[in-house]
Every structure is written in structure tokens, then in C-alpha cells.
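Some notes on the structure that comes next.
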Amino acid sequence: MSDAQSDWSLPDDRGAVRDALVSWYEADHRSFPWRETDDPYEILVSEVMSQQTQLGRVVEAWAAFLDRWPTPADLAAADRADVVGFWTDHSLGYNNRAKYLHEAAGQVVDEYDGEFPTTPEGLQDLMGVGPYTANAVASFAFDNGDAVVDTNVKRVLHRAFDVPDDDAAFEAAAGALMPAGESRVWNNAIMELGGVACEKSPNCDAAGCPWREWCHAYETGDFTAPDVPTQPSFEGSRRQMRGRVISALKEYEELPLSKLGPRVRVDYVPGVSDGSADENGDSDAEYGREWLRGLIADLEDDGLVEAVESDGETLARLRR
DNA sequence: ATCCCGATTG
DNA sequence: CAATCGGGAT
């Protein structure tokens with residue numbers, strides 16, 4: 001057992017803390033279209049998109065996605081290539097998530113008779129749905145979730161109540177704070193607080209933070225936030241190259257590696273084995289056919305791309 | 001450069 | 001537990 005709980009405590013007047021936040025949220029908050037629905041499918045689409053993209057950019061993609069695939073049955077019946085293509089068209093990144101969403105729709109249709117599970121535990125059985133998304137969907141669709149713990153909530157709890165940067169502590173604090181049976185408004189409210197008031201750079205007075213009178217950070221002036229792992233640079237990364245493969249294969253139905261290579265890297269060297277030492281013993285990386293095959297192999301393992309042999313050459317295309 | 005309502009796989 | 005997964009906006 002961790003002794004993390006011994007370091008912090010929530011205010012005695014927990015009810016006042018709750019009421020203050022809910023009142024603040026209900027008085028005024030950002031308007032997003034997915035806050036106007038309780039359809040679990042529509043909620044799930046919004047959550048998966050929101051994991052990776054600023055909310056403002058999700059609005060258009062969300063509406064377009066649901067216009068094209070209005071129900072889980074519609075999505076399940078679609079070709080994966082089209083779903084991944086949509087993801088790329090709308091610059092949503094993380095193509096695996098398009099695959100997960102497609103898979104989850106198939107699960108709902110095939111294993112759940114078209115009806116979403118209504119509990120966090122049940123929802124986690126869906127592909128691509130982890131603890132965060134399960135609680136979000138359970139909350140916003142069914143008002144039946146537990147406290148959501150994401151990076152926003154962690155930041156708020158750490159600052160306001162000095163909860164230590166420890167997953168178990170965050171989990172316990174978030175659960176203890178949420179009013180039972182009010183997950184929809186509560187999770188919306190606490191994430192709204194993290195989104196507009198308790199941002200990385202805090203905005204307490206301008207946003208009229210409802211927790212100032214209890215806030216440890218507001219009192220001490222120490223607005224340190226839990227560390228969020230910094231991502232490696234994207235430029236030149238393998239992720240960027242994967243994205244270029246998907247984009248090229250969306251544009252052209254299928255491409256031989258010789259045509260695909262130059263579209264992925266301008267310094268692609270056709271017909272050269274990569275990475276191995278040359279005659280002089282130099283080991284400068286060369287990006288040739290073997291390198292590209294490795295990239296394609298990973299995308300095949302991810303179920304996003306398939307490679308076929310035709311007339312002695314390898315063709316790549318999006319997996320259907 | 002850093003941020004953005006995480007999840008899966010090894 | 002660590003590594004991996006995109007790309008636009010600021």
C-alpha cells in the first residue's frame with residue numbers, strides 16, 4: 001500500500017467545494033456540440049478525437065465524421081481505409097485511433113447487439129477505450145461514470161489541494177471529491193476548470209476560479225504542475241514518415257515502393273539497403289528500399305497498410 | 001519549442 | 001514500466 005494519502009486532505013466543507021464548481025460551470029462554459037448529445041457513439045467519437053487535438057479543431061471533424069457515419073452500424077460497415085483516409089483528411093493524426101474507432105463500432109454491432117455498454121468497466125472492453133475514455137463516455141452519455149482523471153484534473157488537484165504527483169493519489173482524490181451520481185456535470189465542470197482557469201499558465205482571477213478560497217496554489221503562489229512527459233521532436237521522426245505513407249496511399253489507391261519512397265523522404269535512395277556500413281565502413285543511415293520495407297512492415301503490423309506482390313514488385317495500399 | 005480532455009503493446 | 005503513436009496551432 002502506498003502512503004500517498006497521508007500527505008494531503010480535501011477541505012472539510014467538501015459540499016461547498018462541490019457546489020462552487022458546479023455553480024461556476026453551470027453559470028457559464030464553453031459550448032461544444034458534443035455537450036448537447038447523450039448518444040454514446042457520438043460521445044465516443046468526440047472523446048477519441050479530443051485525446052489528440054485541441055477541442056476547437058475537433059468541432060468540424062466531429063460533425064463531418066457523424067455526417068458520414070451516423071451510427072455504429074454505418075461505421076462498422078465502412079472500409080477501414082476510408083476511416084483512416086478521413087482521419088488523414090482532417091489532420092487528426094494517430095491513425096491507429098481511427099482503426100480503434102472502427103473496431104469498436106464493429107464490437108458494438110457484433111458483440112453488444114448495437115447497444116453500448118453503460119458502465120466504465122463494460123466500456124473498457126471496446127478497442128481503444130481505456131480508463132479515461134470509459135469514464136468520459138459513461139459520464140456524458142449515461143451520467144454513470146466515475147471521476148475522470150486526465151492531465152487537466154491532475155493539475156487542478158495538485159494545485160488546489162496539494163495532492164502529490166502520484167496516480168493512486170489522484171485517483172483517490174478525484175473519486176472522493178466527485179458527488180456520487182453526478183458524473184456528467186462534475187466531469188464536465190472539473191475539466192472545464194482545467195481548460196479555462198487552471199491551465200498550465202493559471203488564469204485564476206480572470207476566469208473567476210470558484211476554488212480560490214480553498215486553493216493551495218492560490219494561497220502560496222506556487223502553481224507548479226505535474227510533469228507531462230515531453231514528446232520527442234516530430235520533424236524527421238518515424239511518426240512523420242508514417243503519416244506521409246498514409247497520406248500518399250490515400251491519394252493513390254496503391255503505390256509501388258519505388259514511387260512511395262520519394263514521397264516519404266526527399267533523400268530516399270532507391271535500390272539501396274539502408275543503415276549498413278558501406279565499403280568504407282561508414283555507417284551513415286541511408287534511406288532505401290529496406291528502410292521503407294521496415295516502415296511498411298510496422299504499418300502492416302498496426303493493421304493500417306497492406307503490401308502485395310505484383311509483377312515482381314511490391315505495392316502498398318491502405319488496408320480495407 | 002511546446003501544448004493538446006490517452007491507449008496499446010512489449 | 002517504457003516506448004510508441006501525428007500534426008496543427010500558438
Side-chain angles (χ1 to χ4, degrees), chain A residues 25 29-30 32-35 43-62 84-101 103-104 120 123-141 145 147-157 166-168 170-171 174 183-184 186-201 225-250 264 294-295 297-299 301-305:
Chain A
Y25 174 75
H29 56 77
R30 294 170 297 177
F32 293 113
W34 46 86
R35 283 179 172 168
I43 299 289
L44 177 62
V45 173
S46 78
E47 290 301 330
V48 172
M49 289 182 174
S50 299
Q51 288 171 13
Q52 58 201 52
T53 305
Q54 284 83 350
L55 298 188
R57 286 175 52 213
V58 169
V59 174
E60 301 297 324
W62 183 76
V84 172
F86 177 98
W87 219 250
T88 295
D89 276 338
H90 293 265
S91 301
L92 291 169
Y94 295 102
N95 295 296
N96 278 324
R97 297 187 212 256
K99 178 190 68 177
Y100 292 155
L101 208 44
E103 293 271 327
L123 285 160
Q124 280 204 62
D125 290 338
L126 300 178
M127 190 66 66
V129 177
Y132 167 77
T133 306
N135 278 122
V137 174
S139 297
F140 305 144
V148 156
V149 179
D150 68 356
T151 58
N152 285 311
V153 172
K154 289 179 182 178
R155 188 172 59 250
V156 168
L157 294 176
D166 174 286
D167 283 350
F170 285 129
E171 204 57 55
S183 60
R184 177 180 286 144
W186 180 259
N187 285 324
N188 266 144
I190 195 167
M191 286 195 286
E192 184 77 1
L193 186 65
V196 307
C198 201
E199 302 169 86
K200 184 175 185 66
S201 178
D227 288 321
V228 271
T230 60
Q231 295 184 326
S233 70
F234 178 63
E235 190 62 30
S237 68
R238 191 172 184 83
R239 291 159 66 183
Q240 184 178 43
M241 303 308 144
R242 287 168 53 103
R244 288 178 180 171
V245 170
I246 299 295
S247 293
L249 297 183
K250 184 193 69 63
V264 177
L295 192 62
D298 282 355
L299 287 164
D301 290 341
D302 285 348
L304 296 171
V305 167

- [ ] Could you check A:N152 against A:I190 for side chain to side chain contact (heavy atoms under 4.5 Å, CB included), going step by step and ending with a plain yes or no?
- [x] CA-CA 8 Å; A:N152 285 311; A:I190 195 167; over 6 Å; no
Task: Spacing of A:D125 atom CG relative to B:dT8 atom C1', expressed in whole Å - done: 15 Å
- [ ] Mind calculating the distance between CD (A:Q51) and P (C:dT4) to the nearest angstrom?
- [x] 20 Å
Task: Rounded distance in Å between the C1' positions of C:dC5 and B:dC4 - done: 15 Å
- [ ] Consider the side chain of A:M191, meaning its heavy atoms from C-beta on, and name the nucleotide among B:dC5, C:dG8, B:dG6 that approaches it most closely.
- [x] B:dC5
Open item on the list: Under 4.0 Å, heavy atoms only, any strand: does A:Q52 hit a base, just the sugar-phosphate, or nothing?
Closed with: base
Open item on the list: So, OP1 or OP2 of C:dG8: does either fall under 4.0 Å of a side-chain N or O from A:T53?
Closed with: no
TODO: Could you work out which one of C:dG8, B:dC3, C:dC5 sits closest to the side chain of A:N96?
DONE: C:dC5
Task: Pairwise P distance for C:dG8 and B:dA7, with rounding to whole Å - done: 23 Å
- [ ] Whole angstrom is fine here: how far is it from CZ in A:R155 over to P in B:dC4?
- [x] 6 Å
TODO: Grab the CZ-P distance between A:R238 and C:dC5 for me, whole Å please.
DONE: 7 Å
Open item on the list: Any N or O donor-acceptor pair under 3.5 Å from the base of B:dC3 to the side chain of A:E199?
Closed with: no
Open item on the list: What is the separation between atom CZ on A:R242 and atom C1' on B:dT8, rounded to the nearest whole Å?
Closed with: 12 Å
Open item on the list: Counting the atoms with a prime plus P, OP1 and OP2 as sugar-phosphate, which does A:G93 contact under 4.0 Å by heavy atoms, base, sugar-phosphate, or nothing?
Closed with: base
TODO: Between B:dA7, B:dT8, C:dA9, spot the one nearest the side chain of A:R97, thanks.
DONE: B:dA7
Task: Within 6.0 angstrom of A:Q240 CD, more than 12 heavy atoms from elsewhere - done: yes
Task: Any A:T230 side-chain N or O less than 4.0 Å from OP1/OP2 of B:dT2 - done: no
Open item on the list: Side-chain N or O of A:T151 versus OP1/OP2 of B:dG6: is the shortest distance under 4.0 Å?
Closed with: yes
Task: Length of the NE2-C1' vector between A:H29 and B:dC5, whole Å - done: 16 Å
- [ ] Identify which nucleotide among B:dA7, C:dG8, B:dC5 has an atom closest to any side-chain atom of A:R35, counting heavy atoms from C-beta outward.
- [x] B:dC5
Open item on the list: Quick check: any donor-acceptor pair below 3.5 Å linking the side-chain of A:Q54 to the base of B:dC3?
Closed with: yes
Task: Nearest-nucleotide pick for A:Y132, side chain only, options being B:dC4, B:dC5, C:dC5 - done: B:dC5
